[in-house]
Amino acid sequence: MHLRVLGSAAGGGFPQWNCNCPNCDGLRLGRIQARARTQSSIAVSANGQDWLLINASPDVLAQIRETPALQPARAVRDSGIAAVLLMDAQIDHVTGLLMLREHQGPLRLLATREVLSDIGQGFPVTRILSHYCGVQIHEIASDASTFFAPGLPELPMQAVALCSKPPPYSPFRGAPRPGDNIGLVLHNPTTGARAFYAPGLGEITPELQEIMAGCDLVLVDGTFWSADEMQAMGLSRKSAADMGHLPQSGPGGMLEHLQRLPAGTRKLLIHINNTNPILVEDSPERALLDSLGIEVAHDGMDLQF
Ligand code: MLT
Ligand code: MN
Ligand code: ZN
């Protein structure tokens, strides 16, 4: 199974257009050892021709340009993107749908009822698209039942509800519902291998830890290193928890959870905020990740499972 990282940064990307934090400024001025990153998205394919786009980032057009496999050119108007699946309704995960409006025929869109309510009302992307290509909606359950995307019969998946936050524009920001954010177990039916993807994750319950422990590859929320990262830099009043993200460091943090996974699990962080010190390739935080066998996803990374 092919899993391609199209974008590995959190909302805003890296560097962020208006940010002069040590990372963003450092990257622009060539003072730090780091790679630029676009906003969070992956694509998955069993045959290398027909792909499931998971999240539609505001950077989707640049990401498609960087990924020839998504452009098989079988007709005058054609795309390798067979369907789009949304992990949540955050701006950095859904805005790219508007960039896909030239799609020939209705765009196949998989999302939970909760996500569909936000992108049908608060940020009415599906209503807007109805005036362009239109969308063919496939509502998915977040109860771990197995489902397939239309056109992708070789990719069984399960969605699980996560504890995190719907976007700031959602009427449910203060009272999250199960299904606002999902984690996805992707199966390789030929080998039995599994991958877990969750770019936005606020809490790892014992049940979720068990699901992750059953996967060969785990690609999870790498937004913040510390709980008060943005606050400490004077960039936001919000903590990682306020934004629905589990930080990597500290008691109960992501590193502790990843360390408890079986040896041999491939562990990667994705959706990395531009303030996160792990972006700096020679930072002590990055050295700690290396010593724990945890990788930092980057744009263009090809992961097989
Ligand atoms: C988040 O995941 O919290 C988002 O990246 C925030 C945003 O899109 O601004
Ligand atoms: Mn985000
Ligand atoms: Zn920054």
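In listed order, ligands and their atoms are each counted from 1. As the structure is a prediction and not an experimental result, all values here were calculated from the model.
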Between [X] and [Y], is any pair of side-chain heavy atoms under 4.5 Å apart?
| X | Y | result |
| --- | --- | --- |
| Ser8 | Met301 | no |
| Tyr197 | Leu85 | no |
| Leu100 | Leu129 | no |
| Arg4 | Leu6 | yes |

d(Asn18 CG, Asn20 CG) to nearest 0.5 Å is 8.0 Å

SG (Cys21) to the Zn ion (ligand 3) to SG (Cys24), nearest 10°, is 110°

Which of Gln248, Gln209, Lys267 passes side chain to side chain donor-acceptor pair (under 3.5 Å) with His257? Answer is Gln209

One finds that the ligand 1 atoms under 4.0 Å from a non-hydrogen atom of Gly11 are 5 (O)

- Message: Could you check whether atom 9 (O) of ligand 1 has a protein contact, counting only heavy atoms that fall below 4.0 angstrom?
- Response: no

**Message:** When you measure from the heavy atoms of His271 to every atom of ligand 1, does any distance fall below 4.0 Å?
**Reply:** yes

message = Yes or no: does His245 have any heavy atom under 4.0 Å from an atom of ligand 1?
response = yes

| Closer than 2.8 Å to the Zn ion (ligand 3), do we get an N, O or S atom from Thr275, backbone or side chain? | no

Regarding His271, does it place an N, O or S atom less than 2.8 Å from the Mn ion (ligand 2)? yes

- Message: Looking at the Mn ion (ligand 2), is there an N, O or S atom belonging to Asp92 that lies under 2.8 Å away from it?
- Response: yes

Sidechain N-carboxylate O distance under 4.0 Å for Asp216, Arg194: no

Looking only at protein heavy atoms, what sits closest to atom 4 (C) of ligand 1 is Gln90 OE1, 3.7 Å

Among non-hydrogen protein atoms, atom 5 (O) of ligand 1 lies closest to Asp92 OD2, 2.9 Å

